[in-house]
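Written out below as structure tokens is the structure these notes cover.
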Amino acid sequence: MKIFKFITTKIFLRKAILGIGLVLLLFMSNYVTFTVARSIISVAQGYEETKDINQKDTYIANLDPNSQINTISEDEIQAVYDYINVNFKYAFYTDGFIESVPKIDDTKILFGYMNEEYYNLYKFQLSQGKDLYFDYQFDDEIPVLVGEGLSKTYPVGSKIKIEKSIIGQPITLKVQGILKKNAYHSNYYALNSKIYYNFSILVPINKEFINRANMDLKLNGLMDLIVIKSTRDETIHLSNFIKNNLGLKFNFFSQEENYDYFNNYYIQSLKIMIIITLILLIVMTCLSLWNALVSVRLMLKDFTINLLVGLSYSKLRQIFYSYFGLLSFINVIIIFIITAFSRYGYWLRKETNIATYGLFGLIEMDWLGLLCVVILNIIIVIIISENMLRKIKKVPISLGVLQ
């Protein structure tokens, strides 16, 4: 322990500014690595989720950024849906609608609406219950899926009475199934962006439901409308029809084109973050080596005496590994705490669209990100420790004996 204290205080912490600087550099490189790793994992999940819509004859609507939404009448938007119903097979999905739900007063419950084509495309995974059906009658109960966060209040078979629904009349929902914990939906154009369904209710809709729905549902449904088994020319005609009726320009892109759009800015951002990480690691390594060599030369007499009375190079290696291993461990714990508090903060702020469940609050991508940080730290510890030892061995110890 005395030797460890000597090496730590006389080499690593001889200059407090350098010691603090190394800790900060290590933390920054770890945190950037953690962020990049989680982002890559999230992107991979987005690719996996959207692979079924990445088909040759499938196109996704996207509102042109230069379009401005003006006054639109019910008849105008209904004419658009009448045209779509006659000429296209399409997948409809929209979410983000907040409804008042009995027994739950302090949490925002998000409603998502989807037709059968969308449901078949995405194949939602359930932890309990059965798949949805779409041939219901409005006077009967409408089957729904609820997120994990609502499963205790509304288990399979329970009923939810909605007095003011999106179709302008009271409806009764019956829980048909419970979504798998942390089920999510990725953005088509930003695959690393997600909303989670833990506090959502997914409602199956059919053409009659859309016809009865209010303006918000119909307009939002157009934003990400998926046209199936169509052609580029047909989507151009649809875009012109919507523009003539609503004054809004919609572009229709294949998911492959959405991938290209995403990659254009994401890959560049990823490269910048990786370059920053590499620069931090190089600076940290060089600074550690320089600090060690300067400290050894300044304390050469004391260092030589320790070598003569029992300090071996193998023990010195152990000390280096222990010191940098301890710093790495502390950094990993700090990142863990920051991430856990961030996840917990979503619950405190009632941000139900991103609230998740996980061990100690962390979800799968967080743990995988931490694993990447641990692997990086192991590499850093090996590189710095071995290089420091190699450099120190080149210092002529005989000079210390003569002194």
Side-chain angles (χ1 to χ4, degrees), residues 34-53 93-99 101 104 106-114 118-132 143-156 158 160 173 175-204 224 335-373:
F34 177 70
T35 303
V36 169
R38 281 203 312 176
S39 178
I40 291 174
I41 294 166
S42 185
V43 169
Q45 292 174 341
Y47 271 105
E48 178 64 24
E49 182 190 357
T50 57
K51 67 179 182 180
D52 287 334
I53 63 172
Y93 174 81
T94 185
D95 59 21
F97 294 90
I98 299 174
E99 304 279 1
V101 176
I104 300 177
D106 60 342
T107 303
K108 294 179 181 179
I109 305 302
L110 303 178
F111 277 67
Y113 300 89
M114 59 186 170
Y118 185 90
Y119 186 69
N120 291 335
L121 273 177
Y122 273 81
K123 303 178 181 66
F124 291 88
Q125 293 184 331
L126 307 180
S127 60
Q128 302 175 45
K130 300 178 181 179
D131 285 330
L132 294 177
V144 296
L145 303 178
V146 302
E148 176 67 23
L150 303 176
S151 60
K152 292 183 178 178
T153 306
Y154 292 109
V156 174
S158 59
I160 307 171
L173 310 177
V175 179
Q176 183 81 358
I178 309 296
L179 290 165
K180 187 178 178 181
K181 186 183 295 184
N182 295 333
Y184 57 81
H185 172 65
S186 301
N187 190 299
Y188 300 128
Y189 321 103
L191 299 172
N192 57 336
S193 175
K194 290 177 171 54
I195 64 166
Y196 289 89
Y197 289 135
N198 288 316
F199 290 91
S200 292
I201 297 176
L202 299 184
V203 182
D224 291 318
I335 293 174
F336 167 81
I337 293 172
I338 291 173
T339 307
F341 268 99
S342 177
R343 293 288 182 189
Y344 183 61
Y346 300 147
W347 290 81
L348 291 178
R349 296 188 297 272
K350 307 296 182 184
E351 296 181 46
T352 50
N353 60 326
I354 48 178
T356 53
Y357 293 94
L359 181 63
F360 302 114
L362 274 63
I363 61 175
E364 182 182 9
M365 73 168 67
D366 299 328
W367 289 110
L368 290 173
L370 283 175
L371 178 61
C372 291
V373 171

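Note that the coordinates shown come from a computational prediction; the quantities given were computed from them, not determined experimentally.
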Once the angle between the rings of Y118 and Y93 is folded into 0 to 90°, is it parallel (under 30°), tilted (30 to 60°) or perpendicular (over 60°)?
-> parallel
Is the distance between the ring centroids of Y113 and F97 under 6.0 Å?
-> yes
For the pair N192 (side chain) and V43 (backbone), establish whether a donor and an acceptor sit closer than 3.5 Å, ignoring hydrogens and angles.
-> no
For S186 and G46, work out which heavy atoms get closest and say how close.
-> OG-CA, 3.6 Å
Parallel, tilted or perpendicular: which fits the ring planes of F336 and W367, with parallel below 30° and perpendicular above 60°?
-> tilted
Donor-acceptor under 3.5 Å (S200 side chain, F111 main chain) = no
Is the backbone N or O of R38 less than 3.5 Å from a side-chain atom of S42, with the two atoms forming a donor-acceptor pair by type?
-> no
Less than 4.5 Å apart, any side-chain heavy atom of I109 and any of I201?
-> yes
d(T339 OG1, L362 CG) to nearest 0.5 Å is 5.5 Å
Minimum side-chain heavy-atom gap T352-Y197 below 4.5 Å = no
Roughly how far apart are L348 CG and F341 CZ, rounded to 0.5 Å?
-> 9.5 Å
Salt bridge (Lys or Arg N to Asp or Glu O under 4.0 Å) involving D52 - partner list, sequence neighbours excluded = K123
For residues I98 and K108, report the shortest heavy-atom separation together with the two atoms involved.
-> CD1-CD, 4.0 Å
Just by modelled atom types, is the T35 backbone N or O under 3.5 Å from a matching donor or acceptor in the S39 side chain?
-> no
Check: residues 145-155 side-chain donor-acceptor pairs under 3.5 Å, at least two apart:
from, atom 1, to, atom 2, distance (Å)
S151, OG, E148, O, 2.7
Y154, OH, P102, O, 2.2

Tell me yes or no: between the side chains of Y346 and N353, is some donor less than 3.5 Å from an acceptor?
-> no
Student check: side-chain heavy atoms of Y184 and E49 closer than 4.5 Å = yes
Taking atom CG of L202 and atom CG of L173, what is their separation to the nearest 0.5 Å?
-> 11.5 Å
Modelled atom types, side-chain donor and acceptor of T107 and K350, under 3.5 Å = no
All side-chain contact (heavy atoms from CB on, under 4.5 Å) counterparts of I363, not counting sequence neighbours | N182, Y196, R343, T356, M365, D366
Crowded around E351 CD? As in, over 12 foreign heavy atoms under 6.0 Å?
-> yes
For the residue pair L371 and F34, establish whether any side-chain heavy-atom pair is separated by less than 4.5 Å.
-> no
Check: D131 main-chain N/O paired with Q176 side-chain donor or acceptor under 3.5 Å = yes
Please step through side-chain contact (heavy atoms from CB on, under 4.5 Å) for the pair D95 and L110, ending with a clear verdict.
-> CA-CA 7 Å; D95 59 21; L110 303 178; over 6 Å; no
Side-chain contact, heavy-atom cut-off 4.5 Å: I178 with L126?
-> no
Residues P204 and P143: closest non-hydrogen pair is CD-O, 2.7 Å
